[in-house]
Asker: 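Take a look at this one; I'll ask things after.
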Amino acid sequence: MIYIFWCKARAYLNKIGANIMLKVLIVDDEPWVLEGLRTMIDWEKFGYEVCGEAQNGTDAMRLIQENKPELVLTDINMPVINGLELITKLNEVMEKPPKFVILSGYDDFKYARTALRQRVNEYLLKPIDDEEIEALLSRITPIIQNEIASNEEFDKKQFFIVNNIINRLIQGEYNENLELLTRNTLKLQADAELMCILIEPASSMNPFQPQISDYFSEEHFCFFQDGSGRAGIILQSASIGNESLETIVNQMHSDLTEQSQELVFLALSSRMVGVSSIREIYRQALEVWKRKTHQQKRGVFYYSELRNLKKEEPHEDHFRQLLHKVQTNDTEQIQPCVKEAFTAFVENLLTLEVVKAKVAHLELTICRIIAQMNGDPDTIMIKLQQEYGNLGELSDYFILSRYVQSLCERAAVYLSELEQQNEQNTIYKVIQYVDREFRNKLKLQDLAQQFHINSTYLGQLFRKQTGQGFSEYLNAKRIEEAKSLLKRTQLKISDIAVQVGFSNTDYFIDKFKLLVGVVPSVYKNENKNQQL
């Protein structure tokens with residue numbers, strides 16, 4: 001899904017630019033100059049539209065920040081704020097200020113030359129000639145277009161990098177290197193407070209246009225799309241109070257609904273701290289999204305509200321029972337359980353889309369359980385989809401119930417196989433634990449309880465894997481360590497016995513002689529003579 005989204009994004013980026021007009025804003029305190037500049041130039045011919053006019057620096061400052069034009073033509077001598085002051089302030093406050101062209105009378109020519117050091121790209125002497133302006137536009141327009149293309153390419157690459165990092169985190173990957181990469185890329189402090197916002201439909205938000213920055217500072221958020229194509233925002237929320245946040249997201253919801261001409265849904269997580277919380281805040285927002293989608297609701301919803309109102313619908317019990325049948329490999333009861341669940345869905349007048357959402361949640365839960373047991377969900381999911389098609393394409397209750405029954409029956413068998421395989425893996429973990437902890441008091445019964453396995457069965461697995469019973473293996477490990485201590489230390493025999501795990505010195509001496517052929521004192525002296 002992410003790959004498909006990337007392809008669409010690339011196609012979108014290839015289209016933009018050619019169809020978007022550049023914006024120019026004109027600033028002069030003489031109305032007739034504004035009129036002349038607006039009408040005597042064929043702006044459209046050069047790919048521009050006049051987005052605003054101002055007669056003083058104060059109005060110009062506001063209009064430029066609101067409209068974000070690519071080009072500004074401004075006079076030097078203006079009331080309140082002159083042209084040079086305007087340019088200086090805009091360069092300070094705007095991350096990407098426009099290109100500036102100074103309009104200067106002959107008497108102000110020395111100021112125009114000074115302006116060239118203030119990120120002014122060109123200047124024109126009054127009275128202004130239309131040929132001069134057209135020649136200027138021919139020079140400066142390709143520069144602006146090249147910068148826009150370069151910025152778009154950078155934004156595209158940056159989005160793909162950030163999107164990949166966020167998706168790795170929300171899918172459960174986490175380590176120190178990934179945390180460092182995330183903090184550096186997203187410019188996060190270690191104790192950054194974060195929230196997740198999911199937005200539906202995803203088409204209402206475009207990652208390559210600055211819609212989100214209308215609501216949040218650019219340094220405080222990053223946009224992503226998850227594996228299912230849902231649009232999301234990771235927001236640094238420490239500087240935003242609850243009331244301000246509510247105002248912002250309500251305005252965002254209203255604007256997006258108006259722009260997209262369809263109902264929009266926003267799901268907000270709680271506030272948590274640090275990169276390691278990103279998966280959890282995403283999970284919270286996703287839980288809100290799933291529940292409210294099931295209820296076919298639209299609007300702004302918070303995880304905190306969901307947590308306070310968590311009451312399961314009665315028919316949710318059926319899928320819980322079904323999942324229990326799967327996990328216990330009770331294949332005979334799966335079919336009647338599926339039938340009972342779908343009967344309840346029909347009686348509660350649930351739409352097919354709502355039921356499919358519930359099935360998707362069951363499917364996701366089963367896949368997660370398989371993955372937790374070191375299995376591969378694709379083992380059953382690929383065959384299932386080849387037989388029935390994608391879940392979203394299923395068109396009636398009967399086919400959907402057959403899909404669920406097949407999913408559960410195959411998952412039950414596969415989970416049973418994984419359980420047997422994992423028992424084999426358990427014996428390796430037990431042996432590793434004994435090799436590491438042999439100096440301590442170890443009993444087979446305690447290990448069986450610790451590793452959740454029957455003690456008799458564990459003893460059988462131990463002998464099958466090592467060729468020795470548990471006690472034999474444990475004593476052999478302790479005697480090997482004792483031999484090492486006898487060679488390289490001056491410890492007493494009784495102290496060595498305690499260090500390697502024997503509470504009784506006589507028992508230690510007996511076991512040592514049985515395995516080595518001599519008592520510990522003789523072994524120590526023999527090795528001492530060899531070293532001499």
Side-chain angles (χ1 to χ4, degrees), residues 1-13 156-175 178-179 181-182 185-186 194-208 212 221-235 264-269 272 275-294 303 353 356-386 388-394 403 407 411:
M1 186 58 145
I2 292 295
Y3 174 74
I4 294 172
F5 167 72
W6 286 1
C7 292
K8 290 180 179 178
R10 290 179 190 276
Y12 169 81
L13 286 166
K156 176 182 70 174
K157 291 179 179 177
Q158 189 68 13
F159 170 75
F160 290 146
I161 291 170
V162 169
N163 200 61
N164 176 261
I165 290 173
I166 297 298
N167 274 274
R168 287 169 66 186
L169 288 166
I170 66 178
Q171 289 166 13
E173 183 179 347
Y174 182 77
N175 53 57
L178 182 56
E179 172 166 355
L181 175 63
T182 305
T185 305
L186 275 57
L194 304 174
M195 291 183 67
C196 179
I197 305 175
L198 289 180
I199 304 163
E200 187 187 280
S203 58
S204 63
M205 294 298 292
N206 195 309
F208 305 107
I212 308 173
F221 74 87
C222 68
F223 181 94
F224 72 95
Q225 282 205 328
D226 68 10
S228 298
R230 284 178 285 262
I233 301 169
I234 299 297
L235 176 67
V264 173
F265 174 93
L266 271 66
L268 283 76
S269 74
M272 299 186 75
V275 171
S276 61
S277 71
I278 287 178
R279 186 185 188 194
E280 176 60 20
I281 59 175
Y282 167 77
R283 187 200 64 77
Q284 291 180 3
L286 185 61
E287 185 175 349
V288 176
W289 178 87
K290 287 178 179 177
R291 179 173 289 265
K292 296 305 179 182
T293 300
H294 295 172
Y303 180 76
E353 291 304 314
K356 282 199 283 189
K358 294 180 181 297
V359 173
H361 180 66
L362 174 67
E363 186 180 89
L364 182 64
T365 302
I366 289 174
C367 289
R368 184 169 63 244
I369 293 170
I370 290 172
Q372 288 171 350
M373 294 184 68
N374 301 315
D376 181 5
D378 285 346
T379 301
I380 62 171
M381 294 309 303
I382 290 176
K383 293 180 181 178
L384 192 68
Q385 289 173 2
Q386 287 173 346
Y388 291 93
N390 291 326
L391 175 60
E393 300 169 354
L394 304 186
Y403 178 90
L407 165 68

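This chain uses plain numbering: 1 for the first residue, then up along the sequence.
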Asker: Does Leu235 form a side-chain contact (heavy atoms from CB on, under 4.5 Å) with Leu268? I'd like the steps, not just the answer.
Answerer: CA-CA 10 Å; Leu235 176 67; Leu268 283 76; over 6 Å; no
Asker: Ignoring hydrogens, what is the shortest heavy-atom contact between Cys367 and Pro377? Give both atom names and the distance.
Answerer: O-CG, 3.5 Å
Asker: Rounded at 0.5 Å granularity, tell me how far OG1 in Thr185 sits from CD1 in Ile165.
Answerer: 3.5 Å
Asker: Can you sort out the partners of Tyr388 under ring pair (Phe, Tyr, Trp, His ring centres under 6.0 Å), two or more places apart, ordered by chain and number?
Answerer: Tyr403
Asker: side-chain contact (heavy atoms from CB on, under 4.5 Å) for Val275 and Tyr174? Distances and angles first, verdict last.
Answerer: CA-CA 9 Å; Val275 171; Tyr174 182 77; 4.2 Å; yes
Asker: Run the side-chain contact (heavy atoms from CB on, under 4.5 Å) test on Met381 and Leu384 for me, step by step, so that the C-alpha distance in whole Å, both residues' side-chain angles and the decisive distance to 0.1 Å come before the verdict.
Answerer: CA-CA 5 Å; Met381 294 309 303; Leu384 192 68; 4.2 Å; yes
Asker: Got a second to check how far Ile233's CD1 is from Phe224's CZ, nearest 0.5 Å?
Answerer: 8.5 Å
Asker: I'd like to check Asn390 versus Gln385 (side-chain heavy atoms, cut-off strictly below 4.5 Å). Are they in contact?
Answerer: yes
Asker: At what distance, to the nearest 0.5 angstrom, does CG of Leu178 lie from OG of Ser276?
Answerer: 11.0 Å
Asker: Do Lys358 and Leu362 make a side-chain contact, defined as non-hydrogen atoms from C-beta onward lying under 4.5 Å apart?
Answerer: no
Asker: Compare all side-chain heavy atoms of Asp376 with those of Ile370 and state whether any distance is below 4.5 angstrom.
Answerer: no
Asker: Are Cys196 and Tyr303 side-chain neighbours, meaning at least one heavy-atom pair lies under 4.5 Å?
Answerer: no
Asker: Take Ile380 and Leu407 through the test side-chain contact (heavy atoms from CB on, under 4.5 Å) and record every step on the way to the result.
Answerer: CA-CA 8 Å; Ile380 62 171; Leu407 165 68; 4.2 Å; yes
Asker: Output the distance between atom CD1 (Ile170) and atom CD1 (Ile278), rounded to the nearest 0.5 Å.
Answerer: 9.5 Å
Asker: I'd like to check the salt bridge (charged side-chain N to carboxylate O under 4.0 Å, His left out) partners of Arg168; sequence neighbours left out, ordered by chain and number.
Answerer: Glu173
Asker: Could you check whether any side-chain heavy atom of Phe265 comes within less than 4.5 Å of a side-chain heavy atom of Leu198, counting everything from C-beta outward?
Answerer: no
Asker: Locate the shortest heavy-atom distance separating Met195 from Ser269; write the atom from each residue and the value.
Answerer: CE-O, 3.1 Å
Asker: Drop me the distance from Arg279's CZ to Met272's CE, to the nearest 0.5 angstrom.
Answerer: 12.5 Å
Asker: Please check if the side chain of Asp378 supplies one atom and the backbone of Ile382 the other of a donor-acceptor pair under 3.5 Å.
Answerer: no
Asker: Can you tell me how far CD1 of Ile366 sits from CZ of Arg368, rounded to the nearest 0.5 angstrom?
Answerer: 10.5 Å
